[in-house]
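Only one structure is covered here, and it is reproduced in the block below.
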Amino acid sequence: MATEGVKEKAAAAKVKKAAKPQELTIDVASMEMIERSRELEVETIFDRAATMKPCNIGAQGTCCKNCAQGPCRLPLPKSGIEGEDTRKGLCGATPQTIAARNFARMVAGGAAAHSDHGRGVAETFLAAARKETEDYRIKDTQKLLEIAPDFGVDITVEGENGEVLDRDIDEIAVEVGERALAQWGQQTGEVATVKRAPGPRYELWKKLGVVPRGIDREIVEIMHRTHIGVDQDYENILEQCTRAAIADGWGGSMIATDLQDVLFGCPYPLKSSANLGVLKEDHVNLVIHGHEPLLSEMIVQAAELPEMLELAKEKGAKGIQLSGICCTANEILMRHGVPLAGNFLQQELAIITGAVDAMVVDVQCIMENIANVAQCFHTKIITTNPRARIASGDTVHIEFDEHTAFEDAKKIVRTAIENFPNREKEVIIPRQSSDLVAGFSYEAINYHLGGTFRASYTPLNDNIINGRIRGIGGVVG
Ligand code: SF4
C-alpha cells in the first residue's frame, strides 16, 4: 500500500509538471479547483486523462473477449492495405464483425441504462396511479390525457344514451401506467410510442424492418447476436443496433419523459444559475447527482421542511443549499430552479471545495473516484439505488423506495445537515456562476410560439424555412 501511495504521488507530480489547469479546461472555476486538487494531492479525472494511454486495438474496436477463448486482439496489418487484411479471431471473426459486435454492445448498454430509468419511472407512476404511495401523485392531468391515446387508452366513454362522457382520470392513469410498463416486456408488434415519429420516418423504419417489438427484447437480442458464433454479418448487427436504439429513444426514454411530466408537471422556463460558485460556505450543501428525478423531487420537498431548516440552524448553518450535478441536476433545475453545481467533469471538483456536506447519487455518470475524493474531506457519499453501489471509499447507503420516498429523502437531508459541523479542510469555493434560463419543454415552446389558442411550432418552422433562423444547436450528454 505504501508503495502504491508513493507511485500515486509520483504520478501526480508528473501530471503537475505536464499539464497546467488552463490546458485541461476553459472553465475558470474548474481551473481553480484543479489547482487546489494538486495542492492537496487529490487525484481527479483531469490527472487520469493526462496519464491515460489509449490502447490502439481498443480504439479501433477490434479487441474481442466475447467468449472464453479470447481476448482476441486484432492489430492493424502493417501494410494497412485492406486486401491484405487477414486478421481473424480464434473463431475466425473478422475485424468488421468484432468492431460491429463491440459497437452493438455499447448500444445495448446505453439503451439498457436509459430505458431502465424509464422502467423505474413507469413503476412509480403505476404505484401513484394505484394510490399505493402517498408521496407521488398524478399532477399534470392535461398531459396524461394527451399521451393516453398513444398507449391505446380511451379518455372518453359512451354514456347510456350514446353521449360522450369523460372517463375517470384515475382509471386512465392506471391503464396508461400498465400499458406503458408492458412496453418493456412486449414480445411482438410495435413499441406503442414509435408511431409518434413523423410519418415518412416511421414508414422508412417499417420498410427497413427496424421498428422495435419491445424495449427489453431488442436489448437482449443484441447480447444474443453478439455472442460467439451468432451474427457474423456486420450490416445485420448494425440493423439490430438501430432497432434497439429506436426502442430506447422512441420507447424507454420517451416514456420516461412523458410519465415524469405527468407525475411532476411539465417544465416551463425559469431562472437559475450554474457552476461551482452556486455552493454556499455558510449553508449545508447537499449535491444531488445521477439521473432520476424520483429521488430528487422528494429531496427538494424534504429540504424545505421547517424542521430541516431548524436543524440546519442548530448545527450552525444559515440554511440548506441544494444543487445538482449531471442529469438529476437538470431534472430539479427545470422544474424547481435548483442551481447546477456542475457537469460530469466537475463532480470531483465540487467535493474539493470542502463545502459539500453530502453528495447523494442514484444511477449513471457517477465516477467511482468520488468516494476516494470524499475520503480526503468530510463529505458523505450517499448511494440510494440497489443497482448502483460503490465499493471504494466509505459510502453510506440509504436505499430509496418509491413507497417510502419522502421518509428516505428526509433521512438523506438529515445526514447532510448533521455532517455540516464536521468540515475539516479550508473551504474554497470558486466565485464563478452564470445565470441561465431553463425549462424549455416541448409544451413550453409550443405555448410560447402561439399562446393558448394558437400553440404551434409553425412560427419556428417558418423562420427556419425563410432563413431568419440560421440553425438550432442541441447539446446532448
Ligand atoms: Fe476470439 Fe471469437 Fe471468442 Fe471473440 S468470440 S474472443 S474473436 S474466439
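Start at 1 and go down the list; that is how both ligands and their atoms are numbered. Computation of the quantities below employed the complete heavy-atom set of this structure, encompassing side-chain atoms and omitting hydrogens, waters and symmetry-equivalent molecules.
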List-wise, which protein N, O or S atoms are found short of 2.8 Å from atom 1 (Fe) of ligand 1?
-> C72 SG
Salt bridge (Lys or Arg N to Asp or Glu O under 4.0 Å) against E292, all qualifying residues, sequence neighbours excluded | none
Any I138 side-chain heavy atom under 4.5 Å of V262 side chain = yes
Check the pair N66 / H227 against side chain to side chain donor-acceptor pair (under 3.5 Å), numbers first and verdict last.
-> CA-CA 6 Å; N66 288 11; H227 191 51; over 6 Å; no
Touching ligand 1 at all, K88? Heavy atoms, strictly under 4.0 Å?
-> no
Could you verify whether a donor N or O on one side chain and an acceptor N or O on the other, from Q346 and N275, lie under 3.5 Å apart?
-> yes
Closest protein heavy atom to atom 5 (S) of ligand 1, given as residue, atom name and distance to 0.1 Å | R101 NH2, 3.6 Å
Examine the proximity of ligand 1 to Q232 and report which part, side chain or backbone, both or neither, has a heavy atom under 4.0 Å away.
-> neither
Contacts of D261 that satisfy salt bridge (Lys or Arg N to Asp or Glu O under 4.0 Å) - sequence neighbours left out | K143, R335
Side-chain contact test, heavy atoms from C-beta onward, threshold under 4.5 Å: evaluate it for T62 versus R73 and give yes or no.
-> no
Please name all residues satisfying salt bridge (Lys or Arg N to Asp or Glu O under 4.0 Å) with E348, sequence neighbours left out, ordered by chain then number.
-> R48
